[in-house]
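Note sheet for the following structure.
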Amino acid sequence: MKRRLRLRKGSDYQAVHRGGRFWRHPLLVLGALPNETGVTRCGIAVTKRLGRAARRNRAKRMIREAIRARYDGIRPGWDLVFIAREGLAGMSYQPVASAVDQLLQRAGLLAGPATAPTVQ
RNA sequence: CAAGCGGGCCAGGCGGUCGCGGCCGGGUGUCCAACAGGGCAGGCCGGUCGAGGAAAGUCCGAACUCCAUCGGGCAGGGUGCUGGGUAACGCCCAGUGAGGGUGACCUCAAGGAAAGUGCAACAGAAACACACCGCCAAGGAUUAUCCCUAACCCUUGGUAAGGGUGAAAUGGCGAGGUAAGAGCUCACCGGCAACCGGGUGACCGGUUGGCCGGGCAAACCCCACCUGGAGCAAGGCCAAAUAGGGGAGGAGAGACGGCCCGUCUCGCUAUAACUUCCGGGUUGGCCGCUGGAGGCGGCGGGUAACCGCCGCCCUAGACAGAUGAUCGCCGCCCCCUUGGGGGAACAGAAUUCGGCUUAUCGGCCCGCUUGAGCC
RNA sequence: GCGCCCGUAGCUCAGCGGAUCAGAGCAUCAGUCUUCGGAACUGAGGGCCGUGGGUUCGAAUCCCGCCGGGCGCG
């Protein structure tokens, strides 16, 4: 995932946290806030409760890979934050990928042809 | 063959596809600019490199940077057999001593207890100068038969052999000796001192002497050695932004050249240069940032740790923080066993090294010990 | 990157410089009281002192190594 498609500032994360909507899943929480750049940027947050460095890196890599595989299907113009919950520690890739799928679908961020009211 | 001891090594391999980070190269979109060039933490293509033996815990030691510092000492902290290795160490190697194991081997903070202070519950007479029961001697009273004598009691004294207490009782054991005993004397053993011999040394061996008077310093302490403080968020540069404020010190400060002195600039009794602290602003960029007490191989020195010389190699440098996803074949382990299915640890760089400690599926190699069988 | 503190009964804590010293309060259980319950009173049970070593005659206590939890500074 390229650097300009990531959330990189603490203030960006705080903006999503304050002004965004949230959807919950046993493994993940998704927060979303529309931005004005026309580009969807994503950020990942993992608490220390998931374990030490190796486990937290593993969680971030799985989430990042799941987003990368679906990025072309996500509507543009949103700031997204994926927060790993404690149940995600030790999971394999497939459940994480389906959790990302469910969250994006419930949030209505998938730009499928059926429901495409084309944001601006 | 079985059981075991010590040491070393590996951390699945090869190849596709889609992605990520650093560096190099190519050409190029757009913006700024007269050009040079730069910005969009630009985009594209190609090449190359891309986690560990512990990267971990942060328990020690250093390098590096800043601050402090005339010199020396005290306090505080640390280390503690000897010799060597090292940049240094609380690490490593080789020895010594003590303890454990049939053995290969393993473990040990292992200086000082006649410098001083302190501690040891309960039990016991006593945990420092100790006599409870004993044993022995002298004197006295009573009883037995008048004496000799014997028993028992009292007083005084001797005695540490025996009993008993305890974790520990002032060397052990045997013989002589004695009123009874006692290193009082003797042999052996243990410890101490002196001398001789060996060793760089810790220490070891021998001879002689004398009979030698406990434990705990991971209790205070004494002795020897080491030790200024902070940490890459160190520290430096640029840009932006706020304020042009307050307190203290204050006669020198800065630059350049240069082997300790010169030259230049600013300032010199104050609304004062300059230094420092507080207050206020900034969460942007760059340097430090990876070539090093570096790896690999050979030769030489050394018992070894390690050192010297020569040759070859360059091997992560991120900043919301790069190694992921998926497929095929081979190798290892497990399960039903045509064929297939499942598993493969502990864990991830963050200034850099040297150690220690801890976590770890499985596998390989070398040396050695004990026991059994066979030749 | 530095620095500090705490792990003792189900819970909250004492015991911190060595031994009949493993304790207190709440909670639990039993009994007394009451028609019943609560309160009160009496009594009982319950602890590898986080873990592994070491020093010592003897360790919750002293020393070392780990594990878990919490806090502070830049």
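As the structure is a computational prediction, the values presented were derived from the model and not from experiment. Naming convention: chains lettered A, B, ... in sequence-line order (proteins, then strands); numbering from 1 in each chain.
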Rounded to whole angstroms, how far apart are CD on A:E65 and C1' on B:A325?
4 Å
Whole-Å gap separating P (B:A325) and CZ (A:R68)
11 Å
Between C1' of B:G19 and OH of A:Y93, the distance in whole Å
11 Å
Given RNA chain B, 5'-ward residue of the pair A:A54 and A:A45, judged by closest heavy atom:
A:A45
For the base of B:G348, is there a side-chain donor-acceptor partner from A:R61 under 3.5 Å away?
yes
Rounded distance (Å) that lies between atom P of B:A51 and atom CZ of A:R58
17 Å
Rounded to the Å, how far apart are A:R56 CZ and B:G324 P?
17 Å
Nearest-angstrom distance from the residue atom CD1 of A:I63 to C1' of B:G321
16 Å
How long is the line joining CZ of A:R55 and P of B:A345, in whole Å?
13 Å
May I have the distance from A:K60 (atom NZ) to B:U323 (atom P), rounded to whole angstrom?
11 Å
For B:G371, give its Watson-Crick or G-U wobble partner with both distances under 3.5 Å, or none.
B:C1
Sub-3.5 Å donor-acceptor pair from the side chain of A:R106 to the main-chain atoms of A:R24, do we have one?
yes
Rounding to an integer number of angstrom, what distance separates B:G231 and B:U352 when you compare their C1' atoms?
14 Å
Which of B:G348, B:A322, B:U326 is nearest the side chain of A:R52? It is B:G348
Would you mind reporting whether A:V81 and A:H17 have side-chain heavy atoms less than 4.5 Å apart?
no
Quick one: does any side-chain atom of A:R85 pair with a main-chain N or O of A:H25 as donor and acceptor, under 3.5 Å?
yes
